[in-house]
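Note: hydrogens, waters and symmetry copies are ignored here, and every other heavy atom, side chains too, is used.
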Amino acid sequence: MIHVDAICKKFRGRPAVADVSFQVGKGEIFGLLGHNGAGKSTTFGIALGHVRADSGSVTINGHDVAKARSPALARVGAIFETPAFYDYLSGWRNLRFFVSLGGGAPRSRMEEVVRLVGLEERIHDAVRTYSHGMRQRLALAQALLPDPEVVLLDEPTEGLDPEGIHEIRRLIQKLRAEHGMTVILSSHLLHEVEQLCDRVAILHRGSLVFCGRWQDAGPGGSRWKIDTPDLEKCPAALQGLGATVLDGGTLSLPESLDPSTVVAALVAAGVRIRGFRKQVCTLEDFYLERAG
């Protein structure tokens, strides 16, 4: 659905993105991660035709954005940078105004989108009375009005409270599950990305340092945390089993080794065990390892 091919862009001689490539399949939820200034917004800008790449290309649904912007973006919706609305107008009149700029949409489509984002009770109130979360939902409604196949969401949960974050997450999942949409989102909330995204791309200083399923890219085997006053006895007790004692009381076990075998060997060697639990690598751990 989306093919980003070796895009490069410099601003005042400094690279914003350098040779970034990745692909996003139809119906996929894809996360674009990186620190402030890593190149996420530049990548979004190039994909939406707001920024012209120095080299490389972005193709959406078979159309090159730079060479055929209208067909490439015909079925694309986006929340890019800070959504802006006319505060003195109602949410409905804002949507009607923005729709008029893009060729219009039937009232039935507008009502469908308003219901989808959960704004039907407040859509006729002035936007100045909206909470930040309601403004984000209105922005999402605007992005969905053209009935897109692809949605690009730049920090869709920024500044939201936990309830608002949960609601936006639910909406994104619904877009994929019920409407088959392809979603690319950027976010600093790695826990949310972990729950939402099938794959991620990590940018660091304009370069792509990882793209894929982060769960499959960690070290082989499993890691376990042991709580014991006899940590110095562990290496000898585990000799021959293939387990390795790492810093901080962490044991690295090959996949073929049953953890119960490890516990039995430690107890037999006189190691007093107060706790033994598997360590789960989070997206935050993985991100900091790759980009930190």
Report the distance from atom [atom1] of [X] to atom [atom2] of [Y], rounding to the nearest 0.5 Å.
X	Y	atom1	atom2	result
Thr42	Ile7	OG1	CD1	8.5 Å
Leu231	Ile226	CG	CD1	7.0 Å
His63	Arg69	NE2	CZ	15.0 Å
Thr228	Arg274	OG1	CZ	6.5 Å
Met1	Thr59	CE	OG1	12.5 Å
Asp147	His179	CG	NE2	8.5 Å

Is there a side-chain contact between [X] and [Y] in this structure, where contact means two heavy atoms from C-beta onward sitting under 4.5 Å apart?
X	Y	answer
Leu160	His132	yes
Pro156	Leu140	no
His188	Asn36	yes
Asp5	Ser21	yes
Phe80	Leu152	no

Hey, quick one: are [X] and [Y] part of the same hydrophobic cluster, counting side-chain heavy atoms closer than 4.5 Å, chains of contacts allowed?
X	Y	value
Val113	Ile123	yes
Phe44	Phe22	yes
Val4	Leu153	no

When the ring planes of [X] and [Y] are compared, do they come out parallel, tilted or perpendicular, using 30° and 60° as the limits?
X	Y	value
Phe276	Trp224	parallel
Phe210	Phe286	perpendicular
His124	Trp92	tilted

How about [X]: does its [atom1] atom have over 12 heavy atoms from other parts shown lying under 6.0 Å from it?
X	atom1	result
Arg93	CZ	no
His166	NE2	no
Gln239	CD	no
Arg205	CZ	no
Glu232	CD	yes

Checking Asp198 against Arg176 for the side chain to side chain contact (heavy atoms under 4.5 Å, CB included) test, could you report, in this order, the C-alpha distance in whole Å, the side-chain angles of both residues, the deciding distance, and whether it holds?
CA-CA 11 Å; Asp198 305 304; Arg176 194 256 294 271; 2.9 Å; yes
Between Phe85 and Tyr130, ring centroids under 6.0 Å
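Ring-ring flag for Phe85/Tyr130: false, centres at least 6.0 Å apart.
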Lys40: which residues meet the salt bridge (Lys or Arg N to Asp or Glu O under 4.0 Å) condition with it, sequence neighbours left out?
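Counting only residues at least two positions away or on another chain, Lys40 forms no salt bridge (Lys or Arg N to Asp or Glu O under 4.0 Å).
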Look at the side chain of Arg137 and the backbone N and O of Gly118, then say whether any donor-acceptor pair between them is shorter than 3.5 Å.
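Yes; at least one donor-acceptor contact below 3.5 Å.
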Are any side-chain N or O atoms of Ser186 and backbone N or O atoms of Glu155, one a donor and one an acceptor, separated by less than 3.5 Å?
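Pair found, side chain donor or acceptor close to backbone of Glu155.
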Which atom names give the shortest non-hydrogen contact between [X] and [Y], and what distance separates them?
X	Y	value
Pro148	Val76	CB-C, 3.8 Å
Arg290	Val209	NH1-O, 3.9 Å
Cys211	Phe30	SG-CZ, 3.9 Å
Lys225	Thr250	CD-OG1, 4.0 Å

Side-chain donor-acceptor pair under 3.5 Å between Gln195 and His191, yes or no?
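Looking only at side-chain atoms, His191 and Gln195 do form a donor-acceptor pair, the distance falling under 3.5 Å.
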Identify which one of Ile29, Val151, Val24 satisfies the side-chain contact (heavy atoms from CB on, under 4.5 Å) criterion when paired with Ile184.
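One option only clears the test, and that one is Val24.
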So, Arg170 and Glu167, do they make that salt bridge, N to O below 4.0 Å?
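Between Glu167 and Arg170 there is a salt bridge, with a charged N closer than 4.0 Å to a carboxylate O.
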